[in-house]
Amino acid sequence: MEEKYMLRAIELAKRGIGRVNPNPLVGAVIVKDGEILSEGYHARYGELHAERHAFSRLESSEAARGAEMYVTLEPCCHQGKQPPCTQAIIEHGIRKVYVGSDDPNGLVAGKGIALLRQAGIEVETQVLKEACDALNPVFFHYITEKTPYVVMKYAMTLDGKIACDSGKSQWVTGERARTHVQETRNALMGIMVGIGTVLADDPSLTCRIPGGRNPTRIIADSHLRIPLESKVVQTAKEVATIVAATEEGCSEYAEKRHALEGLGVEVLAVPRGSSREGENHAHSAGEGVDLNVLMEMLGNRGIDSILLEGGSALHYSALWAGIVRKIQVYIAHKIFGGGGSFTPVRGLGVEDPSEAFLFANRRITDFGEDILLEYDCQGKHGE
């Protein structure tokens, strides 16, 4: 029976996506005599925690006495922007608490559960732990490492192309995949690209979901090549924007740095990346900045998560630096063809994504560490 209520708490927790960072997503349900008395969730950073939100919605302060509470994360026991939830649980006379995830925060980390038990409250832990843990990989990483949780995202065709040879890439994927990207932008606090992406595409890097949150835009630009007229610079006073340059770049282009800051851009001077086999790898990748140091700087600014949208050189630098925690790969059921030394389909390739060779009826077979994708060929688009 407890799984039913914990699943409800998980649903509630998700309502805080994009609004609670760098706090965790948490949901809580109060149950008495088999009936839900109240529900709550952490709705926004700085506002009531899930447990206190649930208590605030009770008809009376005594209504929950003898009830059970289901909460997706161990209740906090310290004073932060909100008072400790353990105190509220004890004061409201809760009889038993079911907990999903353990809290790795050093201020909690088992202390919340211990306090409840000392107060005579029965506590059952690790209820649907895997599902509850899945709510907060960002929080768990950030609270322990103090650096952002980095999600590397890219979209490609069945022949591994992220664009046609002409450079056109709108669109590799369909509308549903692109909507999911926007949802990810809303969920994470930052979005990061290399200067090559800005020079080639002049993107806005904003969240296009109605009511969504714009992530902080981070541009890896070792020599401050970013145009003052680019969209990210021109909107920097409305949407937080950071340009990460090397210390040498900031010194050499001090006037450009001053101009960027005057337009609302925060310019970070970051040490140059380390070398590999005598080659300055990060610089050869076109970025130059030490990504590990940059992550520490961003973490200190409260940025708990980043969607890394490339391009390809920055992706490699991020993997080499070991900052990537998760990848999201969107694979479109189409083929572009064209250049590339190691590509399964070459030839002239198509000039525009709308001309791609199309496929349907996808079948996926799992072979352990590999998967097999099978499709039926529909021919060239429009034929």
Side-chain angles (χ1 to χ4, degrees), residues 146-148 150 152-154 162-163 167 188-206 214-324:
K146 309 303 181 186
T147 58
V150 178
M152 187 175 82
K153 163 261 169 183
Y154 59 93
I162 61 173
L188 304 181
M189 288 190 74
I191 183 170
M192 183 173 175
V193 300
I195 182 58
T197 297
V198 174
L199 294 175
D201 301 333
D202 192 23
S204 296
L205 302 178
T206 52
N214 287 322
T216 296
R217 302 174 299 191
I218 304 151
I219 317 300
D221 180 14
S222 58
H223 298 296
L224 294 180
R225 293 189 291 152
I226 189 167
L228 296 179
E229 63 274 13
S230 63
K231 291 176 182 176
V232 290
V233 173
Q234 288 298 310
T235 57
K237 290 184 178 179
E238 289 77 48
V239 182
T241 305
I242 295 172
V243 171
T246 60
E247 293 168 336
E248 297 90 338
C250 286
S251 177
E252 184 175 357
Y253 303 101
E255 187 174 333
K256 178 72 170 289
R257 176 179 185 175
H258 181 73
L260 288 168
E261 291 174 339
L263 290 168
V265 175
E266 180 181 5
V267 179
L268 296 183
V270 186
R272 187 174 293 282
S274 59
S275 300
R276 175 168 67 101
E277 297 179 356
E279 174 190 30
N280 188 319
H281 164 68
H283 182 60
S284 70
E287 313 309 334
V289 299
D290 187 315
L291 293 178
N292 283 290
V293 173
L294 177 58
M295 291 303 109
E296 292 174 4
M297 297 172 77
L298 296 174
N300 289 336
R301 282 163 172 74
I303 296 176
D304 70 350
S305 50
I306 292 173
L307 179 61
L308 183 63
E309 290 205 10
S312 58
L314 181 57
H315 282 168
Y316 187 81
S317 293
L319 289 168
W320 182 257
I323 66 170
V324 177

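The shown structure was predicted, so the numbers you read here are calculated from the model rather than taken from an experiment.
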For [X], all residues meeting side chain to side chain contact (heavy atoms under 4.5 Å, CB included), sequence neighbours excluded:
{"X": "L228", "answer": "K256, A259, L260, L263"}
{"X": "E261", "answer": "R257, V267"}
{"X": "A163", "answer": "S169"}
{"X": "S204", "answer": "T206, K231"}

Which of parallel (below 30°), tilted (30 to 60°) and perpendicular (above 60°) describes Y154 and H315?
tilted
Residue pairs meeting salt bridge (Lys or Arg N to Asp or Glu O under 4.0 Å), one or both in residues 235-245, sequence neighbours left out, come to none
Pairs touching residues 193-203 that satisfy salt bridge (Lys or Arg N to Asp or Glu O under 4.0 Å), sequence neighbours left out
none
Passes side chain to side chain contact (heavy atoms under 4.5 Å, CB included), V243 versus L268? Steps please.
CA-CA 6 Å; V243 171; L268 296 183; over 6 Å; no
Answer yes or no: is there a donor N or O on one side and an acceptor on the other, between the side chain of [X] and the main chain of [Y], under 3.5 Å?
{"X": "R217", "Y": "G190", "answer": "no"}
{"X": "T197", "Y": "G311", "answer": "yes"}
{"X": "S251", "Y": "E248", "answer": "no"}

Under 4.5 Å between any side-chain heavy atoms of [X] and [Y], yes or no?
{"X": "V239", "Y": "T216", "result": "no"}
{"X": "L314", "Y": "L308", "result": "yes"}
{"X": "E247", "Y": "V270", "result": "no"}

Check [X] against [Y] and note the closest heavy-atom contact, atom names and distance.
{"X": "S222", "Y": "A245", "result": "O-CB, 3.6 Å"}
{"X": "P203", "Y": "V198", "result": "CD-CA, 3.8 Å"}
{"X": "A318", "Y": "V324", "result": "CB-CG2, 3.8 Å"}
{"X": "V289", "Y": "A220", "result": "CG2-CB, 4.5 Å"}
{"X": "G249", "Y": "L224", "result": "O-CD1, 4.1 Å"}

Could you pull out every donor-acceptor pair under 3.5 Å between side chains of residues 293-307 and any protein atom, sequence neighbours left out?
unit_1, atom_1, unit_2, atom_2, d
N300, ND2, E296, O, 3.2
R301, NE, E266, OE2, 2.9
R301, NH1, M297, O, 3.2
R301, NH2, E266, OE2, 3.0
D304, OD1, N21, ND2, 3.3
D304, OD2, N21, ND2, 3.1
S305, OG, M189, N, 3.0

Return the set of residues passing side chain to side chain donor-acceptor pair (under 3.5 Å) with T147 (not counting sequence neighbours), or none when no residue passes.
H141
When rounded to the nearest 0.5 angstrom, what is the spacing between [atom1] in [X] and [atom2] in [Y]?
{"X": "E252", "Y": "T246", "atom1": "CD", "atom2": "OG1", "value": "8.5 Å"}
{"X": "I242", "Y": "M192", "atom1": "CD1", "atom2": "CE", "value": "10.0 Å"}
{"X": "H223", "Y": "C250", "atom1": "NE2", "atom2": "SG", "value": "11.0 Å"}
{"X": "D221", "Y": "Y253", "atom1": "CG", "atom2": "OH", "value": "10.0 Å"}
{"X": "L188", "Y": "K153", "atom1": "CG", "atom2": "NZ", "value": "12.0 Å"}
{"X": "I226", "Y": "I219", "atom1": "CD1", "atom2": "CD1", "value": "5.0 Å"}

Using side chain to side chain contact (heavy atoms under 4.5 Å, CB included), reason through I191 and I218 one step at a time and then give a plain yes or no.
CA-CA 6 Å; I191 183 170; I218 304 151; over 6 Å; no
